[in-house]
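Side chains are part of it too, since the values below use all heavy atoms of this structure and drop only hydrogens, waters and symmetry mates.
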Amino acid sequence: MAAVQPWTAQDVSFMERALEQARAAYDIGEVPVGALVVSAQGDILGRGFNRTIIDHDPTAHAEIVALRSAARALENYRLPGITVYVTLEPCVMCIGAMLHARLARVVFGAYDPKTGACGSVLDIGSVPKLNHHTSVTGGVLAEPCGDLLRRFFRERRSKESAA
């Protein structure tokens, strides 16, 4: 009997679109992470990719950029019923922002064994004392999401070695 995946075809489709955002980051020399904010009806409310280098902003992670875009579009800092799709497991800052926004769900691609805060290093969302909990699904298109990141860092190391 085949194992049942914890995600849907719609999750895969939105993750593919988040990967498009990650490729946009890659193209401008940013760490290739992309994110989408999607309503329960399937409308894309916000998009983002890493902009920390070009914006000189340590908070300009893909998820934060997408959340800001969606919050402006909805004119509300609370985003109940909303799902964020992101190509890399969120860090502490990003999952914290998502919990504050009262998201219904976070879906991520590649696991982050160094800074992942949805189970890899920490599991912020499972802290019982927090007043809001968000459903988290990981591993959606993990291979292509991770491959893009590995390629980026391999190329970066190669350039640094050549310099």
Of all heavy-atom pairs between Cys118 and Val136, which one has the smallest distance, and what is that distance?
-> CB-CG1, 3.9 Å
Which atoms form the tightest heavy-atom contact between Leu122 and Val92, and what is the distance?
-> CD1-CG2, 3.6 Å
Go through the steps for Val31 and Phe152 under the test side-chain contact (heavy atoms from CB on, under 4.5 Å), then give the verdict.
-> CA-CA 7 Å; Val31 175; Phe152 175 82; 3.8 Å; yes
Validation row: His61, Cys91 side chains within 4.5 angstrom (heavy atoms) = yes
Connected via hydrophobic side-chain network under 4.5 Å: Val38 and Leu79 | yes
Note: Cys145 and Ala110 closest approach over all heavy atoms is CB-N, 3.8 Å
Lys/Arg N to Asp/Glu carboxylate O, Asp11 vs Arg105, below 4.0 Å = yes
Heavy-atom check, side chain of Ile54 versus side chain of Ile28, under 4.5 Å = yes
Would you check if the side chain of Asn50 reaches a backbone N or O of Ala25 as a donor-acceptor pair within less than 3.5 Å?
-> no
Non-hydrogen side-chain atoms of Ile82 and Leu45 separated by less than 4.5 Å | yes
Side-chain donor/acceptor of Thr52 to backbone N/O of Pro58, under 3.5 Å = no
Transitively linked via ILVMFWY side-chain contacts under 4.5 Å: Leu36 with Val107?
-> yes
Does a side-chain N-to-carboxylate-O contact under 4.0 Å join Arg68 and Glu63?
-> no
Under 3.5 Å, side chain of Asn76 to main-chain N/O of Ala71, donor-acceptor pair present?
-> no
Using atom types as modelled and distance alone, determine if a side-chain donor or acceptor of Arg102 lies under 3.5 Å from a backbone N or O of Leu99.
-> yes
If two hydrophobic side chains count as joined below 4.5 Å and joins carry through other members, does Val65 share a cluster with Ile44?
-> no
Which heavy atom in Pro144 sits nearest to a heavy atom in Leu141, and how many Å separate them?
-> CD-O, 3.1 Å
Dump the intermediate steps for side-chain contact (heavy atoms from CB on, under 4.5 Å) on Arg47 and Ser69, then the final yes or no.
-> CA-CA 7 Å; Arg47 293 174 172 82; Ser69 175; 5.9 Å; no
Backbone N or O of His100 within a donor-acceptor pair of the Arg78 side chain at under 3.5 Å?
-> yes
Glu30 side chain to Ile53 backbone, donor-acceptor under 3.5 Å = yes
Are Phe153 and Leu148 connected in a single hydrophobic cluster, I mean Ile/Leu/Val/Met/Phe/Trp/Tyr linked by side-chain heavy atoms less than 4.5 Å apart?
-> yes
Taking the side chain as every heavy atom from C-beta outward, state whether Phe14 and Val140 have any atom pair closer than 4.5 Å.
-> no
Do Arg151 and Asp147 have side chains that get closer than 4.5 Å, going by heavy atoms?
-> no
Passes side-chain hydrogen bond (donor to acceptor under 3.5 Å, both in side chains), His132 versus Thr134? Steps please.
-> CA-CA 7 Å; His132 178 75; Thr134 298; 3.3 Å; yes
Answer yes or no: is there a donor N or O on one side and an acceptor on the other, between the side chain of Ser161 and the main chain of Arg157, under 3.5 Å?
-> yes
Indicate yes or no for a side-chain donor-acceptor contact from Asp55 to the backbone of Asp57 under 3.5 Å, with no hydrogens or angles considered.
-> no
So which heavy atom on His133 is nearest to which on Leu130, and how close?
-> CE1-O, 3.1 Å
May I ask you to decide if Lys114's main-chain N or O and Asp112's side chain share a donor-acceptor pair within less than 3.5 Å?
-> yes
Cluster check Val37, Val12: I/L/V/M/F/W/Y, side chain < 4.5 angstrom = yes
Val106 vs Thr83, side-chain contact (heavy atoms from CB on, under 4.5 Å): CA-CA, chis, key distance, verdict = CA-CA 6 Å; Val106 176; Thr83 298; over 6 Å; no
Between Gly109 and Ala142, which heavy-atom pair has the shortest distance, and what is it?
-> O-CB, 3.6 Å
Any donor-acceptor N or O pair under 3.5 Å, side chains Gln21, Tyr26 | no
Can you list the steps and then say if Leu103 with Leu67 is a side-chain contact (heavy atoms from CB on, under 4.5 Å)?
-> CA-CA 10 Å; Leu103 292 179; Leu67 285 170; 4.3 Å; yes
